[in-house]
Amino acid sequence: MATKTYCEMISRSQPGPGDGGNTGSWRVKRPIIDYDKCIPAKTKKRACFTCWLLCPDCVVSKTIPPAINLDYCKGCGICAEECPAGAIEMVDEASQTGKEK
Ligand code: SF4
Ligand code: SF4
């Protein structure tokens, strides 16, 4: 039997198309990870991942470095608020126009 991930074991939304899925164009702010501050990115160790754990949409990968799937990120800012290293900044979506989502 395959091992389930945290996001598969609990009743929370999964990233994907459909209701509560693809964010579309309404997000006001998006999170940007500063990999110079991010703990697993800096140490190359599987540590922290608070953003992965607390994201209500499960759109942060538990990888080194962690990555945010902006197709489904709702811009709630929880990850930025809870990051112990202050590595995530919420930036205006409008300032990112023309950049890769
Ligand atoms: S919470 Fe912050 S330091 Fe921890 S993995 Fe996420 S971005 Fe990196
Ligand atoms: S802003 Fe919210 S939805 Fe987007 S990655 Fe952070 S916690 Fe998840």
Side-chain angles (χ1 to χ4, degrees):
M1 187 171 137
T3 303
K4 290 187 174 181
T5 67
Y6 171 77
C7 285
E8 290 168 334
M9 288 188 290
I10 57 176
S11 179
R12 297 168 81 189
S13 59
Q14 297 281 323
D19 290 348
N22 197 304
T23 304
S25 60
W26 58 262
R27 185 177 55 227
V28 177
K29 287 183 179 280
R30 70 165 67 177
I32 303 286
I33 300 176
D34 182 345
Y35 291 125
D36 290 332
K37 294 180 181 175
C38 171
I39 294 165
K42 273 181 19 182
T43 63
K44 307 292 185 223
K45 292 180 179 169
R46 291 177 66 80
C48 186
F49 295 120
T50 302
C51 50
W52 164 82
L53 179 66
L54 297 181
C55 174
D57 278 281
C58 299
V59 299
V60 185
S61 67
K62 196 179 184 183
T63 54
I64 302 173
I68 297 170
N69 186 335
L70 291 170
D71 285 342
Y72 303 110
C73 165
K74 302 299 180 288
C76 67
I78 291 173
C79 55
E81 187 69 26
E82 298 298 332
C83 172
I88 303 178
E89 181 184 4
M90 299 301 294
V91 302
D92 287 340
E93 191 70 33
S95 71
Q96 302 296 305
T97 304
K99 293 183 180 176
E100 184 69 22
K101 252 187 120 180

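When a ligand or atom number is given, it counts from 1 through the structure's own listing order. Worth saying up front: this structure is predicted, and the values here are computed from it rather than measured.
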Exercise. For atom 4 (Fe) of ligand 1, decide whether Cys48 has an N, O or S atom at a distance under 2.8 Å.
Key: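 Within the cut-off used here (under 2.8 Å), Cys48 does place an N, O or S atom near atom 4 (Fe) of ligand 1.
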
What atoms of ligand 1 come within less than 4.0 Å of a heavy atom belonging to [X]?
X: Ile39; value: 3 (S), 8 (Fe)
X: Pro84; value: 1 (S)
X: Pro40; value: 5 (S), 8 (Fe)
X: Cys38; value: 3 (S), 5 (S), 7 (S), 8 (Fe)
X: Ile88; value: 7 (S)
X: Thr50; value: 1 (S)
X: Phe49; value: 4 (Fe), 5 (S)

What protein heavy atom sits nearest [atom], and how far away is it?
atom: atom 8 (Fe) of ligand 2; result: Cys55 SG, 2.3 Å
atom: atom 2 (Fe) of ligand 2; result: Cys76 SG, 2.3 Å
atom: atom 3 (S) of ligand 2; result: Lys74 N, 3.4 Å
atom: atom 4 (Fe) of ligand 2; result: Cys73 SG, 2.3 Å

Quiz item: Taking heavy atoms and a distance under 4.0 Å, where does Pro56 meet ligand 2: side chain, backbone, both or neither?
Solution: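 The part of Pro56 near ligand 2 is the side chain, not the backbone.
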
Self-check item: Which of the ligand 2 atoms, numbered from 1, are nearer than 4.0 Å to a heavy atom of Ile68
Solution: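 Heavy-atom distances to Ile68 below 4.0 Å select 5 (S).
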
Quiz prompt | Atoms in ligand 2 flagged as close to Val59, the criterion being non-hydrogen separation under 4.0 Å | solution =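 Atoms satisfying the 4.0 Å criterion: 5 (S), 8 (Fe).
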
Quiz prompt | Salt-bridge criterion met for Lys42 and Asp36 (N-O under 4.0 Å) | solution =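 Answer for the salt bridge query: no.
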
Quiz item: With a cut-off of 2.8 Å, does any N, O or S atom of Cys79 fall short of it relative to atom 4 (Fe) of ligand 2?
Solution: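 Here the distance criterion (N, O or S atom, under 2.8 Å) is not met by Cys79, so no.
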
Practice problem: Examine ligand 2 and decide if any of its atoms is less than 4.0 Å from a heavy atom belonging to Cys58. | Solution: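 Contact absent.
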
Quiz item: Under a 4.5 Å cut-off applied to non-hydrogen side-chain atoms, are Thr50 and Pro84 in contact?
Solution: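 The answer is yes; the side chains approach within 4.5 Å.
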
Self-check item: Minimal non-hydrogen separation, Ala41 against Tyr35, with atom names
Solution: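 Scanning both residues completely, I find the closest heavy atoms to be CB-O, 3.6 Å.
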
